[in-house]
**Student:** 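Pasting in a structure now, in structure tokens, and then I'll have a few things to ask.
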Amino acid sequence: MSASKLKFGIVVFPGSNCDHDAYHAAKHVMNQDAEFLWHKEPDLKHSDVIILPGGFSYGDYLRTGAIARFSPIMNEVITFANNGGIVVGICNGFQILCESGLLPGVLLRNRSLLFSSKHVNIRVEHSESRFTNDLTAGDILSTPIAHGEGNYFAEQETINAIEENGQVLFRYCDEFGEVTDGSNPNGSINNIAGIMNKNGNVMGMMPHPERACETQLGSADGKRIFESLIKSFILQTN
Amino acid sequence: MIISSQLNNMKPFEEPEITKQLATQHGLTEEEYQKVLSILGRTPTYTELGIYSVMWSEHCSYKNSIAQLKTLPRTGKRLLVGAGEENAGLVDIGGGIAVAFKIESHNHPSAVEPYQGAATGVGGIMRDIFTMGARPIAALNSLRFGNIDDTHTRHLLKGVVKGIGDYGNSFGVPTVAGEVFFDPCYQTNPLVNAMSVGIVEHENVASAIAQGKGNIVMIVGSATGRDGIHGATFASEEISEASEAKRPSVQVGDPFTEKLLLEATLEVIHAGLVVGIQDMGAAGLTCSSMEMSAKGNSGMEINLDLVPTRETKMTSYEIMLSESQERMLIVATPENEKAIIRIFEKWDLHCITIGKVTDDGIVKIFHQGKLKAEIPAETCVLGGGAPVYIRETKEPEYLGQTRSFDLNTISVPKSISDSVYRLLQSPNIASKRWVYEQYDSMVRTNTVVLPGSDAAVIRIKKSDKLLATKTDCNSRYVYLNPRKGAAIAVAESGRNVVCSGGKPIAITNCLNFGNPYKPEVYWQFKEAIAGISEACLALETPVTGGNVSFYNESPQTAVFPTPVIGMLGIVENESHVTTSFFKQAGDTIYLLGTNRGDISGSEFLVQEYGVTAGDAPYFDLAFEVKLQECALELIQKGFVHSAHDVSDGGLIIALIESAVAGNQVFGFDVNLPLNGIPFYRILFGEDQSRIIISGKKEHKDAINAICTKYKIPFSNIGTVIGNTEAKLNGEIVLDMSKAADLYFNSLQNKVYQK
């Protein structure tokens, strides 16, 4: 972490298409440092936070995220995460984190079998994480989703474990914060929209906080996740 | 016609003897074949016959349309290239930034293979944009289908929407606006028009030109396969039972490769490494090599042995005519060869030098050591040797019947509120949410006005300006009065842009018509062109280019003449961005324009009485121009909380859309002066040039002053209210919760009906 700015490293896989969105949010909205990391170069360039952005890495061929995990840079990302480094996967990035074993579970096709692009509400489950420490349990964030395969699934044992450990950070909810089936856009178990690993340094979510950082785009609620992350580094440094 | 699967079975392949009959099978007329013989001074080779047949197909040569297209207004101070000069129109928006935009049809492929047909339609139009050096920032579309209660229609609808979504979503360009319309005339021949908008700094604009003797010619992107052979010829004939057998003429898309091709292409162009570049769309390598050569008064020598192929034993005929997707042809100086290859290798794409530029104007194609084709490029292309026809015209007889329809034979609706609820369920009126939620409309974080309002608004991060854009065409109006209907299409797309806070600056068009050899179809075509011309001149929105799609008919019927307009506008400042949704209870609702109660050609007549008749609705072009100027000034002065144009379904549908389509459902209390016109006609009439705005009550005088300046009739018609009840003239009461439910869910319910 230089002087007062965090450095976000945004991995660019072939087929990533929210890389510029993450870059814009980190650099121009949050006013932090940001750099693209090319998938063929195994170098994280001293990033403080790694973002695996949304998109269709390797065309989503075979299975979403299944090929990206074998990309040269992913060895570095996995080592970085295992050493406590902060990794955030958004949408396709979440799928890659699950495929690479950094997060439990898997993302299946939406139960509608259709791609779904719209603003949804997500409820913050607790503030005991570096991704939510500037938020309060029960806060409702309006964030866009845009995916065909965001239906979070894991076997019951795993679900029980991540629920007990407080690894579930965000759930789809209605405008009043109620977690209902009607507000579940893809069929995810327990309306799970975002989770972290047990150590609390790797987070994946299907909604796009980076697309919800400016009011003119319909919502600035996503900023609060970035703000939490930045705050967590400040707390750490102090 | 010989199709690729048949070719596959012929082993070893022997080229057929070239006869007049074979030329006819290739779609060339006898006269055209004679012209080939006289140009070459000999019998063409099989490959040459294939080349002329696709280059002179309607799809590539515009032979039956170009004479009419040249009558369109195609000049303006913002235009950086003329219509038809490059792959897409290019418009200056100031600050060193230009906008490339174009709309194109993919109707025939989508009729037989909806998913791939629509997907490759998106891919093709995207390449037209980025081959100019522009980064696509928005996709739009315009779709027409038959009766939605028919299972085949739903099969086409689902396939087309998924095809557009899967391609655009993966490619990473937001699909921001469009239109979907249903009428039985589109039953076997749906229309799938795709539009793309891109931005480029002036210094990064690339041209589709081959020049400089000794420069190299490179093929980049996907390997060449047998898909899409004769796609252009297929697009130039009517849909029939036999069309199903032409499924192999439909290309297969790969948006992932296209995304890589986009990034690599922009990288080589912006690094200044190319002399010229053109995408391979219709007629593939043939069209790109011929057009680039002709444009530069150059020739080329190409060795097909070097072209990467994805199938074995491909013949020169097949390689030249393949429409495999995601390919580009690049001309560069030999010094830049290595740098270009390095960039394409970085993106894991093929990049192979297959020939060189010559200065004799002749394209020579070599394969397996033999000269397979030797053709003067100029003789193939539009504006050169390609035929130009002016066809016979005749006013269609049906117009006599539709015009003489007596609107007074229509009985007064038993219950206006029931009619309103039924109209909301029409797939032409109901929200297209089921469609647009399958499209990523937000990727790249520039979409300021999302689908569901009048025109989409896209910000440009490098500029203070924003773009407003919309596709539009009420083809029923064009059917009833081609000239007026086409002018309305231009006016309405402009009105949509104005309602979003933009000034219309230019259009692209996609002209979908029937068989031009039928005088009635050609009459419709000519009249529609005249209507577009009049409206574009009046609105000062020149035509920057586009596409013509003829032969949209089946043995049963021709489609409504459908000249789709893609309008581009500039929003000067983010504060001008406006949506169609009411914002707060207590706001006053104002009407700009006059209610005339003209139900001619209305959705109301079709849905309630099964009647497609009358003239196109009332339209006064001079008034329209003033209305748009007036509305834009009101928006720019900050008096407007919402603005919505009155169109399909009439005033009542416009009011309901403003009330229910935003984040919150509102009610309204409205009183409309009738002036002796039956109330239902005031509510359902589609007479043009009306806009509903909402704003503060205390701004009434200021708004009135501006309207007076433009001589636009202006009336306070009511108030936005906080509960979900709508009252009309104190006599009709509508439940806006129910209206919202019908509006948002009817299309989806019809798609999934048992």
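Numbered from 1 within each chain, the chains take letters A, B, ... in sequence-line order. The structure displayed is predicted, hence computed values, not measured ones.
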**Student:** Drop me the distance from Phe8(A)'s CZ to Gln32(A)'s CD, to the nearest 0.5 angstrom.
**Tutor:**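 With rounding to 0.5 Å, CZ (Phe8(A)) is 5.5 Å from CD (Gln32(A)).
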**Student:** Is it the backbone or the side chain of Asn169(B) that comes under 4.5 Å from a heavy atom of chain A, or both, or neither?
**Tutor:**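 For Asn169(B), backbone and side chain are both near chain A.
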**Student:** Heavy-atom distance under 4.5 Å to chain A: side chain of Thr445(B), backbone, both or neither?
**Tutor:**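 The answer is both parts of Thr445(B).
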**Student:** Which residues pass the salt bridge (charged side-chain N to carboxylate O under 4.0 Å, His left out) test with Lys118(A), not counting sequence neighbours?
**Tutor:**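 Not a single residue meets the salt bridge (charged side-chain N to carboxylate O under 4.0 Å, His left out) criterion with Lys118(A).
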**Student:** Examine whether an atom of Arg459(B) lies under 4.5 Å from a heavy atom of chain A, and if so say whether it belongs to the side chain, the backbone or both; otherwise answer neither.
**Tutor:**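 Side chain of Arg459(B) only, per the 4.5 Å heavy-atom cut-off to chain A.
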**Student:** Using a 6.0 Å distance limit plus a 45 degree cone around the ring axis, check whether Arg130(A) lies over the aromatic ring of Phe233(A).
**Tutor:**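 Output yes; distance and angle both within limits.
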**Student:** Checking heavy atoms, do the side chain of Glu263(B), its backbone, both or neither come under 4.5 Å from chain A?
**Tutor:**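 No part of it gets close to chain A.
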**Student:** Under 4.5 Å, counting heavy-atom pairs only, tell me which of Ala146(A), Ser116(A), Pro14(A) racks up the most with chain B.
**Tutor:**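 The residue among Ala146(A), Ser116(A), Pro14(A) with the greatest pair count is Pro14(A).
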**Student:** Please tell me if the side chains of Ile78(A) and Ser100(A) come closer than 4.5 Å, counting only heavy atoms from C-beta onward.
**Tutor:**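 Answer yes - side chains close enough.
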**Student:** Side-chain donor-acceptor pair under 3.5 Å between Gln325(B) and Arg127(B), yes or no?
**Tutor:**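 Per modelled atom types, Gln325(B) and Arg127(B) side chains form a pair under 3.5 Å.
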**Student:** Find the one option among Glu258(B), Met442(B), Arg433(B), Lys461(B) whose heavy-atom pairs under 4.5 Å with chain A are most numerous.
**Tutor:**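 Option with the top pair count is Met442(B).
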**Student:** Working note: Leu229(A) + Val88(A), criterion side chain to side chain contact (heavy atoms under 4.5 Å, CB included); need CA distance, chi angles, decisive distance, verdict.
**Tutor:** CA-CA 10 Å; Leu229(A) 198 47; Val88(A) 174; 4.1 Å; yes
**Student:** Any side-chain heavy atom of Tyr436(B) sitting closer than 4.5 Å to one from Ser117(A)?
**Tutor:**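 A side-chain contact under 4.5 Å is absent here.
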**Student:** Go through the atoms of Asn663(B) and report whether side chain, backbone, both or neither lie under 4.5 Å from a heavy atom of chain A.
**Tutor:**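 Contact with chain A: none, neither part.
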**Student:** Below 4.5 Å from any heavy atom of chain A, which atoms of Lys346(B) appear? Answer side chain, backbone, both or neither.
**Tutor:**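 Both backbone and side chain of Lys346(B) come within 4.5 Å of chain A.
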**Student:** I'd like to know if the side chain of Asn133(A) reaches the main chain of Ser228(A), judged simply by a donor and an acceptor atom lying under 3.5 Å from each other, with no hydrogens or angles considered.
**Tutor:**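 Judged by distance alone, yes, a pair lies under 3.5 Å.
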**Student:** So which residue, Lys40(A), Glu175(A), Glu210(A), ends up with the most heavy-atom pairs under 4.5 Å with chain B?
**Tutor:**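 The option with the most such pairs is Lys40(A).
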**Student:** With rounding to the nearest 0.5 angstrom, report the CZ to CG distance, Phe13(A) to Leu37(A).
**Tutor:**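 Answer for the CZ-CG pair, Phe13(A) versus Leu37(A), is 9.5 Å.
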**Student:** Output, in order, the C-alpha distance, side-chain angles, deciding distance and verdict of side chain to side chain contact (heavy atoms under 4.5 Å, CB included) for Ile86(A) and Phe131(A).
**Tutor:** CA-CA 10 Å; Ile86(A) 308 303; Phe131(A) 310 100; 3.9 Å; yes
**Student:** With a 4.5 Å heavy-atom cut-off (strictly below), which parts of residues 15-24 of chain A touch chain B? List them by number.
**Tutor:**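 Gly15(A), Ser16(A), Asn17(A), Cys18(A), His20(A), Asp21(A), His24(A) fall under the 4.5 Å cut-off.
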